[in-house]
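All values reported here derive from a predicted model rather than from experimental measurement.
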Amino acid sequence: MKSIRPYPIVALLFILCTCSSNTEVYQSRFTREYENGKSIEVIREDRVTKWTGMITGKDYGGTSTFTYQFNVEPDDYKWEGLVNEAPLALVFCGDETLLRTTERIIKYDSLYDPGTFKDTTLYYKNVDERYFFKWFGEQYFVGTDSVTYEQTKVKCSEVLVPILQ
């Protein structure tokens with residue numbers, strides 16, 4: 001009696017289930033001028049990755065992520081968010097600039113799972129340690145709390161950051 005070797009079957013299953021991925025990157029830009037003389041340029045970058053069976057051609061799903069970055073002029077404040085973090089609003093109050101963002105994560109475990117949705121609000125304060133015509137030093141945003149943001153928002157007005165869909 002002849003025994004069947006599992007190697008050709010495993011190799012055949014591997015070939016049939018092998019996927020190729022295709023990643024497409026889209027970029028959107030938007031500029032808005034505010035009444036206080038400042039302007040903002042917002043850039044959104046979307047990454048869409050799809051997995052397709054090489055031989056079967058079957059769609060096995062994919063992922064979609066986005067990142068935001070913006071630049072506030074004339075102060076030249078730059079911010080670059082984490083993956084799936086979107087800026088919502090800015091507060092310009094004298095020399096202070098505060099930022100409110102949201103981190104949106106949607107996770108699906110299967111096709112029939114309604115999924116989980118996480119929407120977290122984060123707050124940042126701008127720190128500008130540049131000197132000598134802003135050539136040296138650093139400018140960055142550090143985390144702050146909602147109390148500081150709300151107190152500053154009461155003193156000065158909040159402006160919305162354009163969100164690109």
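- L88 is connected to V161 through a chain of hydrophobic side-chain contacts under 4.5 Å among Ile, Leu, Val, Met, Phe, Trp and Tyr, so both are in one cluster.
- Evaluation of the side-chain contact (heavy atoms from CB on, under 4.5 Å) rule for E80 yields Q69 as partners, not counting sequence neighbours.
- Applying the side-chain contact (heavy atoms from CB on, under 4.5 Å) rule to K78 yields the partners N71, D76, Q139; only residues at least two apart in sequence or on another chain are considered.
- For the pair R32/F70, no side-chain contact is recorded, criterion being any heavy-atom separation below 4.5 Å from C-beta on.
- Taking 4.5 Å as the limit, every side-chain heavy atom of T101 sits out of range of all side-chain heavy atoms of Y68.
- Distance check: C156 SG to E96 CD gives 8.0 Å after rounding to the nearest 0.5 Å.
- The two residues T97 and F141 make their nearest non-hydrogen contact at O-CE2, 4.3 Å.
- For K50, the NZ atom sits in a loose shell: 12 or fewer heavy atoms of surrounding residues, nucleotides or ligands are nearer than 6.0 Å.
- Of all heavy-atom pairs between Y77 and D95, the closest is OH-O, 4.2 Å.
- When every heavy atom of T144 is checked against every heavy atom of K125, the shortest pair comes out as CG2-N, 4.0 Å.
- Side-chain atoms of P87 and L99, non-hydrogen and from C-beta on, do get closer than 4.5 Å to each other.
- Side-chain heavy atoms closer than 4.5 Å link hydrophobic residues (I, L, V, M, F, W, Y) into clusters, and following such links, possibly through other members, connects W79 to L90.
- No donor-acceptor pair closer than 3.5 Å links the side chain of N84 to the backbone N or O of T67.
- Residues V72 and N126 form no side-chain contact, since every pair of their non-hydrogen atoms from C-beta on lies 4.5 Å or further apart.
- For the atom pair CD of E73 and NZ of K38, the computed distance is 10.0 Å after rounding to the nearest 0.5 Å.
- In this structure Y123 satisfies the ring-ring contact (aromatic ring centres under 6.0 Å, His included) test together with Y149, sequence neighbours excluded.
- Between P74 and G37 the shortest heavy-atom distance is CD-O, 4.1 Å.
- Cluster annotation: V127 and V91 are assigned to distinct hydrophobic clusters (Ile/Leu/Val/Met/Phe/Trp/Tyr, side-chain heavy-atom contacts under 4.5 Å, transitive).
- In this structure the side chain of R100 never reaches within 4.5 angstrom of the side chain of K153, judged on heavy atoms.
- Hydrophobic clustering (side-chain heavy atoms under 4.5 Å, transitive across Ile, Leu, Val, Met, Phe, Trp, Tyr) groups F92 together with Y124.
- Note: E33 CD to I40 CD1 = 12.0 Å, rounded to the nearest 0.5 Å.
- Taking CD of E150 as the start and CG of D145 as the end, the distance is 10.0 Å to the nearest 0.5 Å.
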